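Working notes, structure below.
Reminder, nothing fancy here: chain letters follow the sequence lines and each chain counts from 1. Owing to the predicted nature of the structure, the values given are computational and were not obtained by experimental measurement.
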Amino acid sequence: MSWNELIYYAIASILCWVAGAVMAFKSQKRWHAAALSITGSVIFFAYIIGMWIALERPPMRTMGETRLWYSFFLSVAGVVVYLRWRYKWILSFGTMMSVVFICINLFKPEIHSKTLMPALQSPWFVPHVIVYMFAYAMMGAVTLFALYLWLRKSPKLASDEELRVCDNLVRIGWSFLTLGMVMGALWAKQAWGDYWTWDPKETWAAATWLSYLLYLHMRPHVKDQNLNFALLLFSFLLLQMCWYGINYLPSAQGASVHVY
Amino acid sequence: MTLQWGYKQAFLRCALLFVVGVVLQIAFGDFSNRFLRQPWGLIFAINYLYLLIVIYVQSDKWKWMRQIYDHHAMISTLSSMVILTIIFGLTRQDPDTEGIVGMLGFSRMTSSWSFNILLVYFMTALGVNVVQDLHRWRQRRLAAILSHIAVFTILCVGTFGSAGKERVTITTSLDKAAHIGRDKAGNSMELPFAITLKEFTMEEYPAKLYILDTKTEQSSKEYLLVEEEGLTQEIDGWRVEVIKSLDMAGAIPGQAEFREMKHVGAAPAVYVKAENLKSGQKYEGWVSCGSHIFEPSFLRLGERYAVAMPRREAKRYLSRIVVIDSEGESHRFNVEVNHPATLGSWKIYQVGYDTARGRWSTHSVLECVRDGWYPVTHCALWLTLLAGVVMFLTAGGRKVAKSKRETKKQPLTNAKSVTKHRKEGKR
């Protein structure tokens, strides 16, 4: 399995995801849409597993490899949220975002290396990355939903139920951000003897975590929707900085051990 | 948006604390936590916890005490921490930075007064909330309470325990006992045990062959991974083929040919054929990354290009060490990255080796860390993991809880409420 085969798996997955998203609105039975979406995710996961076998290591080291997981988890998060809360739009949102990240990988293919530096050879590596990617996917979904609620013409104000959806998704995303951060800390202690070293990646992870935490604390007390939505969007920008922004940030150049 | 007076007060308090921090920074320079070295860290921590309980108990009498940890305070301190952390991320952490950034301490954020004062304020507000959570336990808020306790414990340990942490880097040589290392500042530190390196071994990934542009000194993005003989790969318009591969080889001085050589300093060498896909020009010869004994060898492809092999990447490296403790007892350990050795309250980490000699290194760089608060931090981190899991499992539960409350309170609207939820479900 190599980067060249991605397009075939991607087309099959996207077709299933799109069909699932359409079915969510057309069919009365939830399982029709869910089954199609899950099929798409399984096909995409098969590609990831193929890469895992071919590379002889987890495909989680480079930005392109993490984008694969992001696309996969967006689709999984969509199905989980759809089955749990029956939000039909989530499948369309999840599909849209997955497609964007697949396209980035298709138009900007990477050279994959089999090497994995000793520090990354840890039992924490796989859960740390997977949990973070799932958190990013949830936050991506909630950002899109918040933008929709914020910018739509009518009704101008989001309902309590819609705001509750935002809160629930942020709560799930934040719980996964927390899990990822703690796993990273336990791993760092095992590898370098310190839980936290304020490496640029860690600093931005802390900023992101705190910002979403601020949102969760503001929501019950601050009723201004503009402020809440703006904070959600801002938090997502911090997340982008943490994920790949530090690769371009002058203050982080040569200062992070999180560059692989 | 109009800001309530409570928020204005809370944000002003944070701003004031920031200004106080700046003044202290300018007056006294960087903040140092050396005064919290053991046993003072523990003494301060116990008194601090007592103070938090006093604040909570007295807050019914004194309004200003309640303002230390109410929701206005939490939102303002959280906002302050977000802003400072962003400044932290945007500023290059370099102790030698001058100008306003250096003066404010932003380029040494963990040692800056403003950051530490606001962090302690955040921890205090959170701490009193933890006392309140424990006093007024509500099962419904389990995830939030667990998160509060875990994060507060981590912050507390970081604040009062980090000064007591010892970190000593020691370079060990084969069969020589060493017990003196250096701390982060470069000061000599004596360890309560002696370490002798018995063996250093390294496993490496297969060699990689790149096309090197000698004019721009840029190597190709693609490469050929020399996993076996006979492999072929097209790289930047050249077809490169591995004819012969030697894992341990050396060249006799003055000769271009490499021969198998199984002793210290041997380097990987590959005999390759390269063909230009456009012109059909062919070249062949030995390529090696060299070692501390042998020079690297390139295959020139005309005037501009060459086939090059960088040093092989380490897959894993391991130090077999013997540690003699203060009682004279001997302990044998294998130390490698992600697998530290534990000796009492000390942990010994593999951090480096002599990179010039690579797999033939006779030195191993180890780091000995003593962290007296390790069990507490570890428990707090696992508690945070648990809090994360509980938050995930209970997210979305509020809607159900509210619906149940509505059912009890308003039996007449019950039918409407159920219908509404069903409709929303179908949306």
Side-chain angles (χ1 to χ4, degrees), chain A residues 28 84-88 111 113-119 121-122 161 164 167-169 171-172 174-179 181-183 185-187 189-196 198 200 203-204 206-207 210-211 213-214 217-218 220-222 224 226-227 238 241 246 249-253 255, chain B residues 1 71-72 74-75 78-79 81-82 85-86 88-93 109-110 143 147 154 158 167 205-206 208 221-223 225 313-317 336-340 347 349-351 367 369 371 374 377-378 381-382 384-385 387-392 394-396 398-399 424-427:
Chain A
Q28 293 295 316
R84 186 164 175 182
W85 291 295
R86 305 187 184 189
Y87 304 141
K88 294 173 179 178
I111 305 296
S113 165
K114 285 186 178 180
T115 55
L116 195 64
M117 60 192 287
Q121 294 166 27
S122 161
E161 176 60 22
R164 219 167 9 236
D167 295 351
N168 284 338
L169 293 180
R171 219 167 270 134
I172 294 170
W174 187 82
S175 66
F176 274 79
L177 279 183
T178 308
L179 294 179
M181 209 152 86
V182 173
M183 286 174 183
L186 290 167
W187 179 7
K189 180 71 181 171
Q190 198 71 0
W192 296 297
D194 261 325
Y195 293 103
W196 194 266
W198 292 106
T203 306
W204 286 101
L210 284 167
S211 190
L213 189 60
L214 177 61
H217 281 80
M218 266 175 59
H221 304 290
V222 179
D224 186 328
N226 287 329
L227 192 62
L238 294 180
M241 187 62 98
I246 60 157
L249 195 68
S251 64
Q253 296 310 304
Chain B
M1 182 194 123
H71 69 269
H72 300 119
M74 284 316 296
I75 288 173
L78 261 172
S79 306
M81 290 315 298
V82 170
T85 317
I86 291 170
F88 194 161
L90 291 173
T91 315
R92 190 169 191 85
Q93 297 302 297
M109 194 60 106
T110 51
S147 304
I154 290 166
R167 204 179 178 93
Y205 282 105
K208 291 173 178 175
K221 281 188 176 177
E222 292 191 2
Y223 59 84
L225 189 70
E313 291 172 76
K315 194 173 188 179
R316 60 186 286 244
Y317 46 98
E336 62 178 307
V337 181
N338 279 315
H339 300 280
K347 280 192 177 284
Y349 295 85
Q350 174 74 65
V351 290
E367 197 160 49
V369 180
D371 182 3
Y374 175 80
T377 322
H378 233 65
L381 285 169
W382 281 100
T384 318
L385 275 181
V389 173
V390 173
M391 180 161 279
F392 170 65
T394 56
R398 288 185 175 194
K399 180 180 162 186
E424 281 164 354
K426 284 178 185 174
R427 246 188 311 145

With only heavy atoms counted, which part of [X] is less than 4.5 Å from chain A, the side chain, the backbone, both or neither?
X         : result
Tyr205(B) : side chain
Val369(B) : side chain
His378(B) : both
Val389(B) : both
Thr110(B) : side chain
Leu225(B) : side chain
Phe392(B) : both

Minimum heavy-atom separation for [X] to [Y], with atom names?
X         : Y         : value
Thr85(B)  : Ala206(A) : CG2-CB, 4.1 Å
Pro118(A) : Ala314(B) : CD-O, 3.6 Å
Tyr349(B) : Ala191(A) : CD2-O, 3.8 Å
Gly89(B)  : Ser251(A) : O-OG, 2.9 Å
Trp192(A) : Ala119(A) : CZ2-CB, 3.9 Å
Arg167(B) : Gly193(A) : NH1-O, 3.5 Å

Under 4.5 Å from any heavy atom of chain B - which part of [X]:
X         : answer
Ser175(A) : both
Leu116(A) : both
Trp196(A) : neither
Asn226(A) : neither
Leu238(A) : side chain

Tell me which of these, [options], has more heavy-atom pairs under 4.5 Å with chain B than the rest.
options                                    : result
Lys189(A), Gln253(A), Met218(A)            : Lys189(A)
Asp167(A), Leu214(A), Leu249(A), Leu213(A) : Leu214(A)
Leu169(A), Thr178(A), Leu179(A)            : Leu179(A)

Side chains of Thr203(A) and Met109(B): does their closest heavy-atom pair fall under 4.5 Å? no
Heavy-atom side-chain proximity of Met391(B) to Trp174(A) below 4.5 angstrom: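 They are in side-chain contact.
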Among [options], which has the most heavy-atom pairs under 4.5 Å with chain A?
options                                    : value
Val82(B), Asn338(B), Leu78(B), Leu90(B)    : Asn338(B)
Val351(B), Val390(B), Thr377(B), Ile154(B) : Thr377(B)
Glu313(B), Arg316(B), His71(B)             : His71(B)
Thr384(B), Thr91(B), Leu381(B), Val337(B)  : Leu381(B)

Does Ile75(B) offer a backbone N or O that forms a donor-acceptor pair with the side chain of Ser79(B) under 3.5 Å? yes
Measuring from atom NZ of Lys347(B) to atom CD of Gln190(A), what distance do you get when rounded to the nearest 0.5 angstrom? 6.0 Å
Can you measure from CG (Leu177(A)) to CD1 (Ile172(A)) and round to the nearest 0.5 angstrom? 12.0 Å
